[in-house]
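To start, the structure under review is shown below, and the notes come after it.
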Amino acid sequence: MSTTHPDVTSTGADGPVVLTGTPVVPGVALGPVIRPHGAVQLPSEDAEPVAEADRAAEKERFTAAAEVVAGRLTERAAAASGVSAAVLQTTAGLARDRGLLSTVEQRIDAGASAPVATVGAAQQFAELFASLGGLMAERVTDVNDVRDRIVAELTGQSEPGVTNPDTPSVLLADDLAPADTAGLDPARVIALATRLGGSTSHTAIIARQLGLPCVVAVGGLADVPEGALVLVDGEEGTVTVDPDPTEAETRVDAAKQAAAALAGYTGPARTADGHAVQVLANVQDGAGARAAAIAHAEGVGLLRTELAFLGHSEEPSVEEQAQGYAGVFEAFPGGKVVVRTLDAGSDKPLAFATPADEANPALGVRGLRTTRLNPGILTRQLDAVKQAAEATGATPWVMAPMVSTVAEAADFAAAVRERGMVPGVMVEVPSVALLADRFLQHLDFLSIGTNDLSQYTLAADRLSGDLADLTDPWQPALLRMVQLTAEAGQRVGKPVGVCGEAAADPLLACVLVGLGITSLSCAASSVPGVGAKLGTVTLDTCRRAAEAALAADDPQSARAAVREVLDAA
């Protein structure tokens, strides 16, 4: 298979067309192409102005339509879990956003109809987010999705999105609204490929949770017609159009056999020569934690606490937070649960925690930095974690996101220890990797967030499809940062884990273990694959695979070199 740059399309002389992209979720699937349906017809700006006497009614029409849309999304969020639930809840919150309502009302006051005002207001917000760049630019897709849903409700059109097909199919799209991805039925949509997006986009993260083979940043995808037969290989990062039937079935059967082998995984994870590696799960709520326990995760390596805050106009109480955390602790009695404190800011703005007018939110007030504006948020959250721990008998590990200096880490560690809990921080900024020895003088563990660490190491927006090759977790520079951090942990005998999406790749998991990583945390659906793969290799093989990856000049070469090492073992 081709391992060219993600934007390159390769064609055999007489054979099938192979499109290459960035691999996200391993697996192989064969099926006919479907595409998102129901493009909403947006109103013309030249529409007749609304009479002044009718403007109050137009405002009420908008409010009612927006609430219908928000209600549908909220219902879907209640039926989902983990990242899917959070994404749907966030999108519902956008439909109820006071700023959007105010902007629409201003436009209606100027004579625009509710549909026209909705389009104009959404365009205003989209331009603002796009100008901010970075992670905020990702919200343009969310804004346009909410716009289309509200306009459809106002004008009597069908709700846009993805209809689950009657037969198992492969979904191809330029991009997907996170709300659409979160609602997919993995029994009917068996693989995803998009022209845009990166390996850490919302679409990619949800695909991991659903266990769908996924490739993003695929060049030439727009030319593939609906109904065409395609083979998606989420490990190679390819979409093969009109593949050879025999070869395609062989590859699908091999993938099914590999998946069947994983079904027997019960943990705990060990290499073939007995080296223990904790394989944990990334979760957001009690339901997700229970699913992770069923998948034989050994605990929680990343509890995303944002779910307790998203959709709230005011900070939830200590009691509300504690109730949610307790549900996660109860899923792993006596087990390891790593709680990440509020990671607000950038693509997750909160009115009561982050400024609304930052020039560059990805480099602004986010994560632990929100305590500069409101230190009480952290204090109350730590109190809530302590309260949940006391109620369940847990001893949580607690880590802060977006830490940059040793002083920040020391202050955070002191606050965590005061409450009888285990302190650590996320390694998302290169300064922490470079000075890991000094940070570990104050902390009991480190956890590497490869999503943001790749962004800041390669100076590339992790949600940009145009830069997906730069933020590929196989980038040797990123792996070098991981090595520096892991070696610092080994010198003082303190654990260093990886909780970024890189940990979900079974092949890369071998490399990470070879670099000295002691635990891997990924989506619950990825736990069996990672754990089972580690059981097929020795620690020495993992170390040789790590050396091969570090010696490569680019992600494609790193993958190829590691496969060669593992195949020869």
Side-chain angles (χ1 to χ4, degrees), residues 67 70-71 73-75 77-83 85-99 282-290 300 302-333 337-356 365-402 411-412 414-423:
E67 185 54 38
L73 293 168
T74 300
E75 288 178 5
S81 65
V83 179
V87 164
L88 290 165
Q89 200 170 51
T90 300
T91 309
L94 186 56
R96 293 187 173 112
D97 185 79
R98 293 180 181 178
N282 298 339
V283 308
Q284 297 198 152
D285 53 22
R290 290 188 289 275
V300 172
L302 171 60
L303 170 56
R304 298 183 174 103
T305 59
E306 289 74 56
L307 190 62
F309 293 82
L310 293 174
H312 290 258
S313 58
E314 297 180 353
E315 179 187 346
S317 68
V318 169
E319 289 70 25
E320 287 179 281
Q321 293 182 53
Q323 184 177 4
Y325 305 150
V328 177
F329 296 156
E330 288 168 350
F332 290 97
V337 176
V338 182
V339 179
R340 181 178 69 188
T341 58
L342 180 62
D343 192 18
S346 194
D347 64 330
K348 292 169 283 191
L350 290 173
F352 53 83
T354 56
V365 179
R366 55 175 301 206
L368 186 65
R369 297 174 182 180
T370 59
T371 60
R372 295 174 180 232
L373 305 180
N374 189 344
I377 289 181
L378 176 63
T379 300
R380 289 184 288 274
Q381 184 173 27
L382 292 178
D383 288 342
V385 177
K386 177 186 177 183
Q387 181 173 312
E390 291 175 343
T392 59
T395 304
W397 297 30
V398 186
M399 62 184 181
M402 203 61 182
D411 289 344
F412 177 78
V416 173
R417 285 200 177 93
E418 283 176 3
R419 293 164 174 82
M421 300 182 295
V422 182

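Note that the coordinates shown come from a computational prediction; the quantities given were computed from them, not determined experimentally. Atom set for the values below is all heavy atoms of this structure, side chains included, hydrogens, waters and symmetry mates excluded. Position 1 is the first residue of the sequence, and the numbers go up from there.
- Counting heavy atoms from C-beta on, the side chains of Phe412 and Leu378 come closer than 4.5 Å.
- Summarising the geometry of Asp285 relative to Leu303, their closest heavy-atom pair is N-CD1, 4.3 Å, with the distance given to 0.1 Å.
- Side chains of Gln89 and Thr74: a donor-acceptor N/O pair is absent below 3.5 angstrom, by distance only.
- The distance from atom CG of Leu368 to atom CD1 of Ile377, rounded to the nearest 0.5 Å, is 11.5 Å.
- Across every non-hydrogen atom of Val318 and Asp383, the tightest pair is CG1-C, 4.2 Å.
- Among all heavy-atom pairs drawn from Ala415 and Leu382, the shortest one is CB-CD1, 3.9 Å.
- At a threshold of 4.5 Å between non-hydrogen side-chain atoms, the residues Phe332 and Val300 count as touching.
- Look at Asp343 and Arg304 and you find no salt bridge, because none of the NZ, NE, NH1 or NH2 atoms lies under 4.0 Å from a carboxylate O.
- Rounded to the nearest 0.5 angstrom, Met399 CE and Met421 CE are separated by 13.5 Å.
- Within the 4.5 Å cutoff, no side-chain heavy atoms of Val385 are placed close to those of Arg380.
- The CD atom of Glu418 sits 9.5 Å away from atom NZ of Lys386, with the distance rounded to the nearest 0.5 Å.
- Note that OG1 of Thr392 is 6.5 Å distant from CD of Glu330, once rounded to the nearest 0.5 Å.
- Side-chain atoms of Glu320 come within 3.5 Å of backbone atoms of Ser317 as a donor-acceptor pair (strictly under, hydrogens ignored).
- At distances below 3.5 Å, not a single donor-acceptor pair connects side-chain atoms of Glu67 with backbone N or O atoms of Arg96.
- In this structure, CZ in Arg340 is found 12.0 Å from CE in Met402, a value given to the nearest 0.5 Å.
- Paired with Val398 under the rule side-chain contact (heavy atoms from CB on, under 4.5 Å), one option of Val337, Val422, Thr341 passes, and it is Thr341.
- Here the shortest heavy-atom pairing between Leu342 and Thr305 reads N-OG1, 3.5 Å.
- Looking at heavy atoms from C-beta onward, Phe329 lies out of side-chain contact with Thr395 at the 4.5 angstrom threshold.
- Surrounding CD of Gln323 are at most 12 heavy atoms belonging to other residues, nucleotides or ligands under 6.0 Å away.
- Of the inter-residue distances, the one linking Gln387 atom CD with Gln321 atom CD reads 10.0 Å to the nearest 0.5 angstrom.
- Smallest separation of non-hydrogen atoms from Gly286 and Val328: N-CG2, 3.8 Å.
- For the pair Tyr325 and Ala384, the tightest heavy-atom approach, listed with the atom from each and the gap, is CE1-CB, 3.8 Å.
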